[in-house]
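Okay, structure first, notes after.
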Amino acid sequence: MSAPATTGPRATGALTDIGNVWWRETLTIVRDPFSLIFSLLQPLVFLGLFGPLLAGVVGDTGALGGSSLQWFLPGVVVMITMFGTSMTGSNLQFEIMTGAFERMLATPLSRSSLMVGRALKELTPLVVQAAIITLVAVPFGFALYPLHVLAGLVVLGIFGIGVGALSYALAIAARKTEWIFWAVQQSLLFPLLILSGMMLPLETGPEWMRAASVVNPLTWIVDAERVLFAGTFADPAVLWGLLAAVATMAVGLTVGVRSIRGATA
C-alpha cells in the first residue's frame, strides 16, 4: 500500500532555500551591473589620490614590504566591504515600503533561510569589487600573492555576511522611521573605519584612539588583511582577524534571524 500524500507547503532543504533567496537577491546585481561599476569609483579615487600621500608616512618600503600600496590597498578593500554591506538594509527598506518584503514572508521559506540567503548575497559583489581593485593596483607596484589574497577575500566574505545581516536587522527595526537607519548607519560607520587604522596608522595617535582601536573588531580585520595581502599566513593577526569575522557573522545572523522572526510575530 502506498504511503499517504502529504499536505501543506512544499518541503525543501535549508541549502535549497538559501540558494533560492541568494539567487533572487543576486539578480538585482545582474540586471543592473552599472551600480557595481559605479561603486568602484570611490575606492579607485582613494587608491589613486590618497595612496601616494602615504609614501612619506608608511615609507616607500612600508611596514609590510613593497610600496605604500601594500599597506593601503587592504584597507581600501575593507572599506569597500563596510560601505557596501552596511548600506544593504536600504534595499530591504524599499521592499518593506513596496510590500515585497511581506510577500517574501508569506512563502514557505524558513525565516533563517531568508536572512542567510540575503546576507550571502553580499559576498558576490564584494569578491568582484575587491578582485578588480587588487588587479588594478598591480601595475603600480602592488605585489600580488593570489592564494593569500583569496584567503583574505574569504575572511572579508565572512565578515561582510555579518555586517549585511546587521544592516538588515537595523532596517527592520527602523522600518517605520526610515531616517533612523541612515542616522545609525552613518554614526557608526565612519568612527569604526577611522579607529581601525584603515587610512592612517594609529601608532602615532593619542592613547585613547589606540585603546579604542583594540576593542574595534574592524581593526583585527584590517590587520589580518594587511598580513595576508603581504603574502603571509603564519602570523597571529590572521587568526585574530578570522575569529573577529566569524564572531561578527554569528552575531549578525543571530540578530538578523531574530529580527525577521519578530517582524512576523
Side-chain angles (χ1 to χ4, degrees), residues 21-22 24-47 50 74-98 100-101 104 114-133 153 155-196 198-199 216-218 221-222 225 244-245 248-249 251-257 259-260 263:
V21 175
W22 171 83
R24 175 185 179 273
E25 295 296 313
T26 304
L27 280 177
T28 60
I29 303 175
V30 176
R31 292 167 180 164
D32 185 22
F34 291 103
S35 61
L36 179 63
I37 298 173
F38 182 77
S39 63
L40 288 170
L41 293 180
Q42 186 180 43
L44 285 174
V45 170
F46 268 84
L47 205 61
F50 198 87
V76 173
V77 174
V78 174
M79 182 187 70
I80 295 173
T81 304
M82 286 299 295
F83 272 101
T85 56
S86 66
M87 293 190 293
T88 53
S90 61
N91 298 329
L92 183 59
Q93 283 192 320
F94 178 76
E95 291 187 4
I96 292 174
M97 289 187 294
T98 59
F101 181 61
M104 283 289 293
L114 288 173
M115 180 55 65
V116 174
R118 282 176 172 272
L120 283 175
K121 169 255 182 182
E122 307 309 327
L123 180 61
T124 306
L126 164 65
V127 171
V128 173
Q129 291 176 339
I132 292 174
I133 292 294
L153 294 181
V155 173
L156 278 178
I158 296 172
F159 180 71
I161 289 171
V163 176
L166 289 172
S167 181
Y168 283 127
L170 176 60
I172 293 174
R175 60 186 180 276
K176 295 182 181 179
T177 313
E178 183 180 354
W179 65 267
I180 292 180
F181 172 85
W182 293 108
V184 174
Q185 188 263 352
Q186 294 293 310
S187 299
L188 292 176
L189 177 63
F190 289 101
L192 286 174
L193 289 175
I194 294 172
L195 292 175
S196 69
M198 183 200 75
M199 293 184 293
N216 179 8
L218 197 57
I221 301 295
V222 172
E225 294 302 309
T248 302
M249 182 180 68
V251 171
L253 291 178
T254 300
V255 173
V257 169
S259 298
I260 204 170

Exercise for review: Give the C-alpha distance, both sets of side-chain angles, the deciding distance and a yes or no for side chain to side chain contact (heavy atoms under 4.5 Å, CB included) between S259 and V255.
Suggested key: CA-CA 6 Å; S259 298; V255 173; 4.1 Å; yes
Practice item. Would you sort out whether V184 and L170 count as a side chain to side chain contact (heavy atoms under 4.5 Å, CB included), showing the intermediate values? Key: CA-CA 8 Å; V184 174; L170 176 60; 3.9 Å; yes
Exercise for review: Applying side chain to side chain contact (heavy atoms under 4.5 Å, CB included), run through W182 and Q93 and close with a yes or a no.
Suggested key: CA-CA 11 Å; W182 293 108; Q93 283 192 320; 4.2 Å; yes
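Going from atom CG of L92 over to atom CE of M97 covers 10.0 Å, rounded to the nearest 0.5 Å. Distance check, rounded to the nearest 0.5 Å: OG1 of T81 to CD1 of I158 gives 12.0 Å. Considering CD1 of I96 and CD1 of I172, their distance stands at 6.0 Å, rounded to 0.5 Å. Taken to the nearest 0.5 Å, the OG1 atom of T85 stands 9.5 Å off from the CG atom of L156. Separating the CD1 atom in I221 from the CG atom in L192 is a distance of 12.0 Å, to the nearest 0.5 Å. To the nearest 0.5 Å, atom CE of residue M198 and atom CE of residue M82 are 10.0 Å apart.
Not one N or O on the side chain of T177 forms a donor-acceptor pair closer than 3.5 Å with the backbone of A174. Formation of a donor-acceptor pair under 3.5 Å by the S167 side chain with backbone atoms of V163 is not found in this model.
A pairwise comparison of heavy atoms in V251 and L166 identifies O-CD2, 4.4 Å as the closest pair. Closest heavy-atom contact between A169 and G256: CB-CA, 4.1 Å. The heavy-atom pair separating L153 from A130 by the smallest distance is CD2-CB, 3.3 Å. The two residues G89 and A171 make their nearest non-hydrogen contact at O-CB, 3.2 Å. Considering all non-hydrogen atoms of both residues, A244 and T248 come closest at O-OG1, 2.8 Å.
A heavy-atom distance below 4.5 Å is not found between the side chains of Q129 and I132. Within the 4.5 Å cutoff, the side chain of F181 has no heavy atoms near those of the R175 side chain.
Screening residues 74-94 for ring-ring contact (aromatic ring centres under 6.0 Å, His included), with sequence neighbours left out, gives F83-F190.
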